[in-house]
Colleague: 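Starting off with a structure, shown below.
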Amino acid sequence: MSMPILLLNAGSSSIKYQVIDAEDESVLATGLIERIGEPVSAIKHKTQGETFTADEPYPDHTAALRALVAMFDAHGPRLANVKAVGHRTVHGGSRFDRTVRIDDDVIQALVDLSPLAPLHNPPGIAGIRAAQEALPNVPHFAIFDTAFFAHLPAEAYTYAIDKATAERLSIRRYGFHGTSHNFVSQRMAHFLGRHRTDLNMIVCHLGNGASVSAIKNGIPIETSMGLTPLQGLVMGTRSGDIDPGIVAYLHRSGMEVAEIDALLNKKSGMLGLCGKNDFRDIAAAVEAGDADAKLAFDVYIHRLVFYIGGYMALLGGVDAIAFTAGVGENDQGVRAAVCERLAGLGFHLDPERNALRTGRAHIISTDDSPVTICVVPTNEELQMAREVNEAMGGQPIED
Ligand code: AMP
């Protein structure tokens, strides 16, 4: 029996979607609605090798979901066959450690969690409400970015700040990109012919947002993002780790809280350091002798190496490391720079393998490398479809 599931990823002005048949894991449709709330919005819908587009104003998520339904009605696949809808949900706090069916309580919990994720949860909730209105007869599920890390050890998730304040405001490390870290660690174990429970792994999810995780015998024990997705690695536009004293200093120097938030989330990271956040442009600038781009690249690699080395210590040694997401999957220069610095710790990269672009999981280390280094394409939508299917009573699927 086919099991088509609609997966939605709602941002403040966009909704990405896919329909995946959880039975055979085939992709039946993909699409993107952009510029919601602007004078002219756009929807791009792909199914059976064809692309359909429309542009008209969608003032809010409800209007955007109506446009989505119209696209499916006109070009297929039939939405009436969809068995469930899965919603990517950024912040599940300490309450959600797995995919759950959405009811009024869950929506209220997401509203309550919104102060922890003001940029992400409100558009997610708008997307859920609009989709429930458009597709009222199927169950809707929330898949949380934080769920995979919900059981980090206390020593990893606890910030050393006043206990009462931390408890009152739910301040702790939550971690994000969990759907990707979960998927990639499973896929890497499968691809290596091993069980995740027998491996010490590090997963580097390097996209515009970036995070790294340490996974011991299938259980995550550390990850670089924190209360929010701002902590950790240097990212496209986010600072990652900084001295927390900088925030107070900026404030005392005249910046409002919202300005500081925008500075650290949108104008920092690679963009802040060299004016570019696409690694193709950064590589070209480094090549052309741009000193800012070179420093930005070096800072990025330094931070990543620092985390990987620390995670090796926490894991007590690592068997395999995966590079994934836009930068991790495509930028051989980043992988080479990281592995070169870690050569003394058993990272022996094979340059020819590293240069290969297969679009599939592949090993890029030498045959005798103590640490197996892999490129593993992530697929968050497929992981979401698997989790929804399982939440509906289907068999758990691992690679
Ligand atoms: P993601 O957030 O996973 O979609 O990753 C997006 C980022 O991946 C972009 O901002 C680029 O920096 C990077 N990226 C995408 N394609 C390439 C490529 N071919 N080479 C280097 N970096 C790339």
Side-chain angles (χ1 to χ4, degrees), residues 7 9-18 27 30-32 34 44 88 90 119-120 145 175-185 187-188 203-213 223-225 228-230 232-240 265-288 290 292-301 303-304 322-339 349 351 353-362 364 374-384:
L7 289 324
N9 183 351
S12 55
S13 65
S14 71
I15 300 177
K16 280 188 243 165
Y17 62 88
Q18 279 196 21
V27 178
T30 65
L32 173 64
E34 286 181 294
K44 190 192 265 185
R88 180 180 179 196
V90 169
L119 302 177
H120 294 105
D145 257 34
F176 299 87
H177 291 145
T179 309
S180 177
H181 286 275
N182 189 9
F183 178 85
V184 168
S185 55
R187 177 140 288 185
M188 180 157 66
V203 175
C204 303
H205 176 111
L206 309 177
N208 206 20
S211 60
V212 54
S213 66
T223 191
S224 56
M225 284 179 166
T228 74
L230 184 54
L233 300 175
V234 178
M235 307 182 215
T237 65
R238 289 177 228 158
S239 63
N265 277 291
K266 302 201 172 126
K267 295 188 213 156
S268 295
M270 301 306 275
L271 185 71
L273 288 173
C274 71
K276 299 171 181 61
N277 64 319
D278 189 308
F279 273 73
R280 287 162 285 201
D281 300 337
I282 293 163
V286 171
E287 186 72 18
D290 180 327
D292 286 347
K294 173 76 172 74
L295 177 62
F297 185 83
D298 289 347
V299 173
Y300 182 92
I301 300 297
R303 182 88 51 88
L304 186 51
F323 289 94
T324 194
V327 178
E329 290 169 32
N330 295 303
D331 197 320
Q332 56 168 301
V334 165
R335 297 192 302 255
V338 169
C339 295
L349 193 72
R353 291 177 181 172
N354 186 38
L356 274 181
R357 291 175 65 135
T358 65
R360 309 169 64 131
H362 65 279
I364 57 171
C374 304
V375 172
V376 182
T378 192
N379 192 337
E380 289 167 280
E381 288 79 13
L382 178 54
Q383 180 64 26
M384 286 165 64

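In each ligand, atom 1 is the first atom listed, and ligand 1 is the first ligand listed.
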Colleague: Could you point out which residue of R187, H177, E329 forms a side chain to side chain donor-acceptor pair (under 3.5 Å) with T324?
Modeller: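 The passing option is E329.
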
Colleague: Not counting sequence neighbours, which residues clear ring-ring contact (aromatic ring centres under 6.0 Å, His included) with F297? List them please.
Modeller: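 For F297 there are no ring-ring contact (aromatic ring centres under 6.0 Å, His included) partners, ignoring immediate neighbours.
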
Colleague: Please name all residues satisfying ring-ring contact (aromatic ring centres under 6.0 Å, His included) with Y300, sequence neighbours left out, ordered by chain then number.
Modeller: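 Partners of Y300 by the ring-ring contact (aromatic ring centres under 6.0 Å, His included) criterion, ordered by chain and then number, come out as F279.
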
Colleague: Name the residues with a heavy atom less than 4.0 Å from ligand 1?
Modeller: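 The answer is G207, N208, N277, D278, F279, R280, A325, G326, V327, N330, D331, R357, counting any residue whose heavy atom sits under 4.0 Å from ligand 1.
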
Colleague: Would you please name every residue forming a side chain to side chain donor-acceptor pair (under 3.5 Å) with H205, sequence neighbours left out?
Modeller: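 Side chain to side chain donor-acceptor pair (under 3.5 Å) list for H205, sorted by chain: S180.
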
Colleague: Under 3.5 Å, is there a donor-acceptor pair between the H181 and S211 side chains?
Modeller: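 A pair is found: one side chain offers a donor N or O, the other an acceptor, under 3.5 Å apart.
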
Colleague: What is the distance from atom CG of L206 to atom CE of M235, rounded to the nearest 0.5 Å?
Modeller: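 Answer rounded to 0.5 Å: 10.5 Å.
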
